[in-house]
Structures are given as structure tokens and as C-alpha cells.
Amino acid sequence: MPNTTVNWPCRTRSYFFCGEGGEERPILYADSEGSAALIAIGLPELVRLLLVVPWWRDCQAFTDEESRELAVEYLEDMPDLMARRDRAAAALGLGLPGQAEALARLREVATRLGEDFVLIFTPEGHSYEPLFTP
């Protein structure tokens with residue numbers, strides 16, 4: 001039987017704690033396309049972002065309207081997403097911000113606070129491109 005190779009696009013996403021310390025450290029996100037951004041300060045902030053706006057990666061304008069449009073696609077695939085989110089937040093003892101507040105914080109962290117964070121691809125020495133532009 002001949003060898004068969006099947007290739008399909010695979011998008012890898014990674015989250016990195018930056019610096020010394022515990023869960024309060026800044027968190028950097030990187031994707032397999034060579035983009036990266038600081039997206040949260042501390043693990044609780046990251047979890048809130050992922051619970052409130054799981055489609056955050058595609059919110060390039062950080063607007064409530066853009067987020068609502070993206071939410072429609074998510075909710076078509078997973079109609080009980082909000083109930084799952086609420087159960088997860090309750091289990092973790094987390095209060096959740098509103099969508100607009102979560103996106104405003106993402107914008108602040110990614111475009112203002114994140115200016116000092118650059119991910120370098122070590123083997124080649126190239127820096128990742130910013131995921132968001134100010």
C-alpha cells in the first residue's frame with residue numbers, strides 16, 4: 001500500500017506567562033501565522049476574556065458591534081455557550097465584565113501596555129508581527 005500524506009491547515013495558538021511571579025504575570029498570545037500580542041495581565045483577566053469574548057482574536061476593531069456579529073457564528077455552532085460560560089464563571093468564583101468592558105481592556109492591554117512585549121522566534125531571530133495595531 002503506498003504512503004499517503006494528507007495536509008490540512010492547522011492553526012496553533014499558544015499562551016505564555018511573561019516574567020517572574022505567579023498567575024498575576026502578563027500573558028502573551030501567539031499564533032502559528034507569526035502574530036503575537038499581550039492580551040491579559042494575570043490569569044483571572046485571561047479567563048474572563050475567554051469566557052466573555054471567546055472570539056476576541058477576530059475583534060480587530062474592539063467594538064461591541066463587531067463582537068456581536070462574531071458571536072452569532074459562535075452561538076450557531078454552540079447555542080448553549082452562554083449557559084456554559086455562566087456555569088464556568090460560577091465554578092471559578094469569577095464575576096464577568098460586560099462585552100464592551102472586556103474588549104476595552106483587551107485594547108488597552110494589547111495596544112498600550114503591550115508595546116513593551118515582543119515575542120522573538122528564537123531559531124531565526126525574527127520578531128512576531130503585532131496581532132493588533134493601535
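All residue numbers in this chain count up from 1 along the given sequence.
Residues meeting the side-chain hydrogen bond (donor to acceptor under 3.5 Å, both in side chains) test with R25, sequence neighbours left out: none. With sequence neighbours excluded, the residues satisfying side chain to side chain contact (heavy atoms under 4.5 Å, CB included) with A61 are T63, E66. Every residue two or more places apart in sequence or in another chain that forms a side-chain hydrogen bond (donor to acceptor under 3.5 Å, both in side chains) with S67 is listed here: W55, Q99.
With ring centers used as reference points, F132 lies under 6.0 Å from F62.
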Output a table of donor-acceptor pairs, distance under 3.5 Å, between side-chain atoms of residues 80-97 and any protein atom two or more places apart or on a different chain; print 'none' if there are none.
residue	atom	partner	partner atom	Å
D80	OD1	R84	NE	3.4
D80	OD2	R84	NE	3.0

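Within the 4.5 Å cutoff, no side-chain heavy atoms of F16 are placed close to those of I27. Side chains of V53 and C59 form a contact here, defined as non-hydrogen atoms less than 4.5 Å apart. Residues I120 and Y128 have side chains not in contact (no heavy-atom distance under 4.5 Å, counting atoms from C-beta outward).
Within a 6.0 Å sphere centred on CD of Q60, other residues, nucleotides and ligands contribute more than 12 heavy atoms. Residue E108 places its CD atom among more than 12 non-hydrogen atoms of other residues, nucleotides or ligands, all under 6.0 Å distant.
Nearest heavy-atom pair across L28 and L38 is CD1-N, 3.4 Å. Contact detail for G34 and D31: the closest heavy-atom pair is N-OD1, 3.1 Å. When all heavy atoms of L131 and R57 are compared, the pair lying nearest together is CD1-CZ, 3.2 Å. Closest non-hydrogen pair, Y74 versus P54, comes out as OH-O, 3.6 Å.
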L43/Y15 under side chain to side chain contact (heavy atoms under 4.5 Å, CB included): CA gap, chis, key distance, verdict: CA-CA 11 Å; L43 188 57; Y15 298 87; over 6 Å; no
Residues S14, Y29; criterion side chain to side chain contact (heavy atoms under 4.5 Å, CB included); working and verdict: CA-CA 6 Å; S14 301; Y29 163 89; over 6 Å; no
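The side chain to side chain donor-acceptor pair (under 3.5 Å) analysis of residues 41-53, with sequence neighbours excluded, yields the pairs E45-R105. Sorted by first then second residue, the ring pair (Phe, Tyr, Trp, His ring centres under 6.0 Å) pairs that include residues 79-112, not counting sequence neighbours, number zero.
The distance from the CG atom of L70 to the CD atom of E65 is 11.0 Å, given to the nearest 0.5 Å.
A donor-acceptor distance shorter than 3.5 angstrom exists from the side chain of E24 to the backbone of G22, with no hydrogens or angles considered.
With V109 as the partner, the side chain to side chain contact (heavy atoms under 4.5 Å, CB included) test is satisfied by one option alone out of L46, L49, I41: I41.
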